[in-house]
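Report on one structure; see the data block that follows.
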2 protein chains.
Amino acid sequence: MHPLRAYLHRFVPELTEADWQPLAEALRPRHLARGDHFVRAGEHRPELALMLHGSCRLYYPRPDGEERTTYFFFENHLLADYPGCLTGQPSQFGIQALTDTELVVFDYALLRRLYDERPVYERFGRLVAEYHLLGTDARLTEQLLLSPEERYRALLASGKTKILERIPQHLVANYLGVTSVSLSRIRGRVARTRNQKP
Amino acid sequence: MHPLRAYLHRFVPELTEADWQPLAEALRPRHLARGDHFVRAGEHRPELALMLHGSCRLYYPRPDGEERTTYFFFENHLLADYPGCLTGQPSQFGIQALTDTELVVFDYALLRRLYDERPVYERFGRLVAEYHLLGTDARLTEQLLLSPEERYRALLASGKTKILERIPQHLVANYLGVTSVSLSRIRGRVARTRNQKP
DNA sequence: GGCCGGCGATAACAAAAGCTAAGAAATGAG
DNA sequence: CTCATTTCTTAGCTTTTGTTATCGCCGGCC
C-alpha cells in the first residue's frame, strides 16, 4: 500500500479505492537535500507533503537574525505550512531538511476540493486536526507546568527518542525552550543524579 | 438566533434549520456559581458546553498540591474536556467558574452521531479543530520564542485584553508561565520603561 | 465598625538560566 | 590523512526568575 494511503487509512479505514484515486494521481515525488527548504519564512506554499524518509525542522527566524527550532519531523509525518494554507498568508516559519529527505507532495487546493466531493476526506481532516491539537496542547501544557530540567526528563521518558538520537543538541535545546548551554548543564545534572542513588 | 447556532454559523454558514433541530432539542441549560466545576481532574465528562456568560479557568493540579491555570474562557467559547472526549480517558484538568456562569450543554455522543448523519457537522468539527490548533500553536510558539517579559508585552498588545481586565493577576502569571512575584516585577519594569522614553 | 482572607507589591536571598568565551571531541571535505 | 567545521562541554560572570516572607489594600462578612 502506498505510504500516504496507509497514513490516511490509520485515520479513516473506510477509505475506498475510488476515494484514493484522485489523490494518488496528483502526487508528486520530491527530494530535499540536507539544508534544502520545503518552505521559507515569507513564502506562501499551499502544499502538503508526507515524509517518506529523512528528518526536517520547523524554525522561526527572529528579528535579531537568530533562529529558533520548534518542531521536528520524521518518516510518516505530514509537512505543511498549515496556518498559511488556512489563512492564505505567507509562512511565518521555515521547514528545512536536516538530512536528505524524500517526500510526496500534493496541493492544498486538491484537499479542499476533496473535502467537498468526498466526505471521507472531511472526516480525515477533522481527525488529523484533532490529533495534532491534542499533541500541541500537551506540549504547551508541558511548557507551562514543568521546569526545563523536568521537560528534559519528560523527553527522555517519552516515546520521542528519535529527537534525542537524530537531532543536534542545540536544536533540541530550542525545542525545549532553553539555550544549548543550559541544556548541557541540565544533562550534566541529570546524569549525576542518576548515578547517585545506587 | 440561538447563541450556539450563531457559533456554528460562524464556521458553517450553510447550516440549515433541519441541521440545527436535533442539536437544539438536546440542549440543557446549566448554571455554575463562582467556584463550581464544569469538570474536575479525574472525572470523565463527555459533554460540550457553550458559555453564554461568565468566566472560567482550566487548571492542572500538581503532585505537590499546587495548581497551574493554563486557559481562560469567556462568553461564546466552547468548553469541554476535549482530550477526554476523544480518548475516553478521565480528565487531566479541571474547569472551574471564576464568576457566575451560564452554559448550554450537550453530549459529545450526540455530536459524534451528527458527524455521521449530517456532513455539515463533520465540517464544523474540522474547522473548530483547525481554528483551535492555530491558536494553541501560536501560544506554544510564543512560549518557545519569547521571554516572560516579551510574553507579557505580547499579551498587552494582543486582543486578549479580557484576560488582563477580568482575571486575577496570579492566574495570569500561571497563564504566562511565570510566578506571580515575577509577573509583578515584570509589570514594574514595563511601567517604568514606558515612562522613560518621553 | 471591625475582622479576616484574598490579592498584589516589595525585599532579601537562593537557584537557575542567559551570555560570552574557550577548548575538546566528533564530523566532513578534500 | 589532515584540516576545517560543527557540536558539545565547561567556566566565569551577569541577569532573571523562584522562594519565602512581610506589608498594605480592599472587599466581603459578621
Side-chain angles (χ1 to χ4, degrees), chain A residues 33-36 54-55 57 59 62-69 72 96-100 142-156 162-195, chain B residues 33-36 55 57 59 62-69 72 96-100 142-156 163-195:
Chain A
R34 180 174 199 263
D36 285 354
S55 53
R57 70 179 182 123
Y59 69 97
R62 309 206 330 157
D64 61 7
E66 296 295 303
E67 298 172 347
R68 293 288 172 88
T69 297
F72 303 110
Q96 182 186 36
L98 293 167
T99 59
D100 283 16
E142 222 170 59
Q143 285 291 322
L144 294 172
L145 253 51
L146 305 182
S147 69
E149 177 165 336
E150 289 170 322
R151 295 203 293 274
Y152 175 69
R153 289 179 186 273
L155 181 59
L156 277 178
K162 271 186 209 158
I163 291 180
L164 292 164
E165 289 161 12
R166 293 165 54 173
I167 303 293
Q169 199 166 297
H170 65 280
L171 297 183
V172 177
N174 279 191
Y175 177 84
L176 290 171
V178 297
T179 62
S180 61
V181 177
S182 187
L183 178 54
S184 185
R185 279 190 292 234
I186 288 168
R187 282 167 53 87
R189 280 205 299 271
V190 170
R192 246 169 278 127
T193 51
R194 269 190 194 292
N195 301 344
Chain B
R34 181 174 199 265
D36 285 355
S55 52
R57 69 178 182 124
Y59 68 97
R62 309 206 328 157
D64 61 8
E66 296 296 303
E67 298 173 349
R68 293 289 171 86
T69 296
F72 303 110
Q96 182 185 36
L98 292 168
T99 61
D100 283 15
E142 222 168 59
Q143 285 291 323
L144 294 172
L145 253 51
L146 305 182
S147 68
E149 177 165 336
E150 289 170 323
R151 294 202 293 274
Y152 175 69
R153 289 178 186 273
L155 181 60
L156 277 178
I163 291 180
L164 292 164
E165 289 162 11
R166 292 165 55 173
I167 302 294
Q169 196 166 303
H170 65 281
L171 298 183
V172 178
N174 279 191
Y175 176 84
L176 291 172
V178 296
T179 61
S180 60
V181 178
S182 187
L183 178 55
S184 186
R185 277 190 292 236
I186 288 167
R187 282 167 52 87
R189 280 205 299 271
V190 170
R192 246 169 277 126
T193 51
R194 268 188 194 293
N195 300 343

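Not measured: the values here are computed from a predicted model. Chain naming here is simple, since letters A, B, ... match the order of the sequence lines and numbering starts at 1 in each.
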Worksheet item: Would you say a side-chain N or O of B/Thr179 is under 4.0 Å from OP1 or OP2 of D/dG18?
Response: yes
Discussion item. Is there a side-chain contact between B/Gln169 and the phosphate of C/dA9, meaning an N or O under 4.0 Å from OP1 or OP2?
Written reply: yes
Worksheet item: Separation of A/Ile186 atom CD1 from C/dG18 atom C1', in whole Å?
Response: 12 Å
Item to complete: Mind calculating the distance between CG (A/Leu164) and C1' (D/dC8) to the nearest angstrom?
Response: 15 Å
Worksheet item: To the nearest 0.5 Å, what is the distance between NE2 (B/His170) and CG (B/Leu183)?
Response: 11.5 Å
Discussion item. Assess, by modelled atom type and distance only, whether the side chains of B/Arg166 and B/Ser55 contain a donor and an acceptor separated by less than 3.5 Å.
Written reply: no
Worksheet entry | side-chain N/O A/His170 vs D/dC8 OP1/OP2, d < 4.0 Å | yes
Discussion item. Could you tell me how far apart A/Arg187 (CZ) and D/dT7 (P) are, to the nearest whole angstrom?
Written reply: 15 Å
Worksheet item: How close or far is atom C1' of C/dG6 from atom CG of B/Leu98, stated in whole angstroms?
Response: 14 Å
Worksheet item: Whole-Å distance between C/dA17 C1' and B/Leu144 CG?
Response: 16 Å
Discussion item. Strictly below 4.0 Å: does B/Ser182 bring a side-chain N or O up to OP1 or OP2 of D/dG18?
Written reply: yes
Fill in: Candidate list B/Leu98, B/Leu176, B/Ile163, test side chain to side chain contact (heavy atoms under 4.5 Å, CB included), partner B/Leu171, passing option
B/Leu98
Discussion item. Does B/Arg185 reach a base, just sugar-phosphate, or nothing at all? Heavy atoms under 4.0 Å.
Written reply: base
Discussion item. Heavy atoms only, 4.0 Å cut-off, all strands: where does A/Val181 land among base, sugar-phosphate and nothing?
Written reply: base
Response to the item:
Rounding to 0.5 Å, atoms CG (A/Leu155) and CD (A/Glu142) come to a distance of 8.0 Å
Discussion item. Please tell me if A/Arg189 has a side-chain N or O lying less than 4.0 Å from either OP1 or OP2 of C/dA17.
Written reply: yes
Practice prompt. In whole angstrom, give the distance that lies between atom OH of B/Tyr152 and atom P of D/dT16.
Written response: 17 Å
Worksheet item: More 5' along DNA chain C: A/Leu183 or B/Ile167, using each one's nearest nucleotide?
Response: B/Ile167
Item to complete: May I have the distance from B/Leu176 (atom CG) to D/dG18 (atom C1'), rounded to whole angstrom?
Response: 16 Å
Worksheet entry | B/Glu149 CD - D/dT16 P separation (whole Å) | 8 Å
Practice prompt. Could you tell me whether B/Arg34 atom CZ has more than 12 heavy atoms of other residues or ligands within 6.0 Å of it?
Written response: no
